[in-house]
There are 2 protein chains.
Amino acid sequence: MHPLDATRVLMDGLGSDSSVCMKCGSRSVGLCAPLDAAALDDMSGESERLALEPREAVFRQGDPARHVYTLTEGMARLTRVLPDGRQAAIGFRFAGDILGFTPEAEHAFGAEMLTRGTVCRLDRRRLEQMFRRYPIMERRFLDLCVRELSASQDHILALGRFSAEERVAAFLISLVEAQERRAHVGPVFDLPATRADIGEFLGLTLETVSRAVSAFRKRGWIRLHGHSGIELTDRASLVSLAAGEGAHAA
Amino acid sequence: MHPLDATRVLMDGLGSDSSVCMKCGSRSVGLCAPLDAAALDDMSGESERLALEPREAVFRQGDPARHVYTLTEGMARLTRVLPDGRQAAIGFRFAGDILGFTPEAEHAFGAEMLTRGTVCRLDRRRLEQMFRRYPIMERRFLDLCVRELSASQDHILALGRFSAEERVAAFLISLVEAQERRAHVGPVFDLPATRADIGEFLGLTLETVSRAVSAFRKRGWIRLHGHSGIELTDRASLVSLAAGEGAHAA
DNA sequence: CGCCCCGTTGAGATCGCTCAACACTAGTGG
DNA sequence: CCACTAGTGTTGAGCGATCTCAACGGGGCG
């Protein structure tokens, strides 16, 4: 697994299934896949579909955690803020990922859309009922959680030990891999995050991110297409940087 | 919750219970607490107690994940290494914490003792059986996992946004709080990690850690007692630094 | 058309790293 | 008992990666 791969977690290896979440009408791989028709019927009772604009919040840090969300369309980012206003992005989420699941009373971080998109909102008490009725769902959540934890640890490693360019390379690779797992076609990938968004995720300033991207471009490793399109023209080099095969040790 | 509090996770809020793990003979709060006597009896069948020396590995990164461990005595650290040899500590673990639980085939990180200590080793297949027999255990693990995830995110925030002194302060506070939750008495706490260990956890060099500790000492915020004793003489200042109320925003 | 947001690039400042010297402690063996 | 050694901690000086501050360009949208 690649470091910085916080993006892949809530889908990876779980989702070639394709159950359809009744009310949402969308493929909701992460959450619904392990359930049969009756279960889905149960669940759709209180789930609601919401359309969201770019930069709109799904929920905010500190909100009572009354719902769990499935991101059905678009890309979101998770952020946590400090008392003095400093802010960091904890991770990014894509279609199929789950947002806001926690046993705590409040959301420990906020989630906001980067693109236009939709989420499927499920009442938390409803989810608890589901757990009691379909214990396999709980196991599913446990697996998701452990994978997510593993990705967080990769991110910790990257933040603690990677140079700026290594972090940006790792981010690009994980972004591209996340889209490939979602059956992306063609050489041009979507990069809806701004330099500032990326910087907040990687613990860098937006200028440093911009410089790294420019450096990759000048080396012929990537090509930018319009405002949010990116193509990896020398993926091997990026992967090597991202994996931490850097100049440090022998 | 304090940033950097990766240390508290696997105990916190779960453990005023005090079931005794039969074979180990030790209080094994995190793992055994939710079980009744019959369940403990079940489990003790294949659990084994192991004594370990300082710097001895409990398991290594890449080892097949055949067992789950409960740290019954001592302090351990979790580390992950990069292909080029760079290494980071993912977290620290104390008596009562669980080590090495994963649904994957291999351990994604290594665990090694910082002090002399003991672990209780449980066969993984045995644990899976337990999950089937006592579903509440699975729920317990899910809660643990989510809390751990939250702590990892705090750590991410710290690595991405905190200055060197803020990170060291946050580490000291979380260390002290972890010991307080374990019914520590007296003003002097145990700090078995070397400057290098702390640095690997915080993404700093050992010199930078040493300088931060010296600065705190010179400001009268802490006092060192012998080689592994530390006393917080101005806890409020440390907490303020650790919480991110720093000089940045207004 | 003009504004605003985003991205790019440059120059200087700064924080933490690197390299190096030295002190202290504990364990070891003479 | 003491010299010796290895590991750890401390401190200093210089360097370098990243941040900060600043200017400028381009594209989308009202």
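Worth saying up front: this structure is predicted, and the values here are computed from it rather than measured. To find a chain, count down the sequence lines: A is the first, B the second, and so on, and within it residues start at 1.
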Does any donor atom in the side chain of R217(A) or S214(A) lie under 3.5 Å from an acceptor atom in the other side chain?
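A donor-acceptor contact under 3.5 Å links the two side chains.
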
field: End axis versus end axis in the helix from dC1(C)-dG30(D) to dG30(C)-dC1(D), the angle rounded to 10°, five pairs used at each terminus
entry: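 Terminal axis comparison yields 30°.
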
* Asked: Excluding sequence neighbours, so at least two apart, what forms side chain to side chain contact (heavy atoms under 4.5 Å, CB included) with A196(B)?
  ->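 Counting only residues at least two positions away or on another chain, A196(B) forms a side chain to side chain contact (heavy atoms under 4.5 Å, CB included) with T194(B), L206(B).
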
How close do A89(B) and F201(B) get, heavy atom to heavy atom, and via which atoms?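 Where A89(B) meets F201(B) most closely, the heavy atoms are O-CD1, 3.5 Å.
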
Can you tell me the distance, in whole Å, between the [atom1] atom of [X] and the [atom2] atom of [N]?
X: F216(B); N: dT10(D); atom1: CZ; atom2: P; value: 13 Å
X: R161(A); N: dA17(D); atom1: CZ; atom2: P; value: 17 Å
X: R86(B); N: dC17(C); atom1: CZ; atom2: P; value: 13 Å

Is it true that D84(A) and R161(B) have a side-chain N and a carboxylate O under 4.0 angstrom from each other?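 Salt bridge absent between D84(A) and R161(B).
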
Note to self: Quick test of your reading of the model: are R77(B) and D197(B) salt-bridged, counting only N-O distances below 4.0 Å?
What the structure shows: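 Yes, this pair counts.
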
In 5'-to-3' order, the base (B), backbone-only (S) or no-contact (-) status of each nucleotide in nucleotides 6-16 of chain C, using a 4.0 angstrom heavy-atom cut-off, is -SBBBB----S

When the ring planes of H107(A) and F59(A) are compared, do they come out parallel, tilted or perpendicular, using 30° and 60° as the limits?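 Ring orientation of H107(A) relative to F59(A): parallel.
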
Sole residue of E112(B), E148(B), E73(B) in salt bridge (charged side-chain N to carboxylate O under 4.0 Å, His left out) with R93(B)
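Among the candidates, only E148(B) passes.
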
Check: Out of F162(A), F216(A), F92(A), which one pairs with F171(A) under the ring pair (Phe, Tyr, Trp, His ring centres under 6.0 Å) rule?
Finding: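 That would be F92(A); it is the only one of F162(A), F216(A), F92(A) passing the ring pair (Phe, Tyr, Trp, His ring centres under 6.0 Å) with F171(A).
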
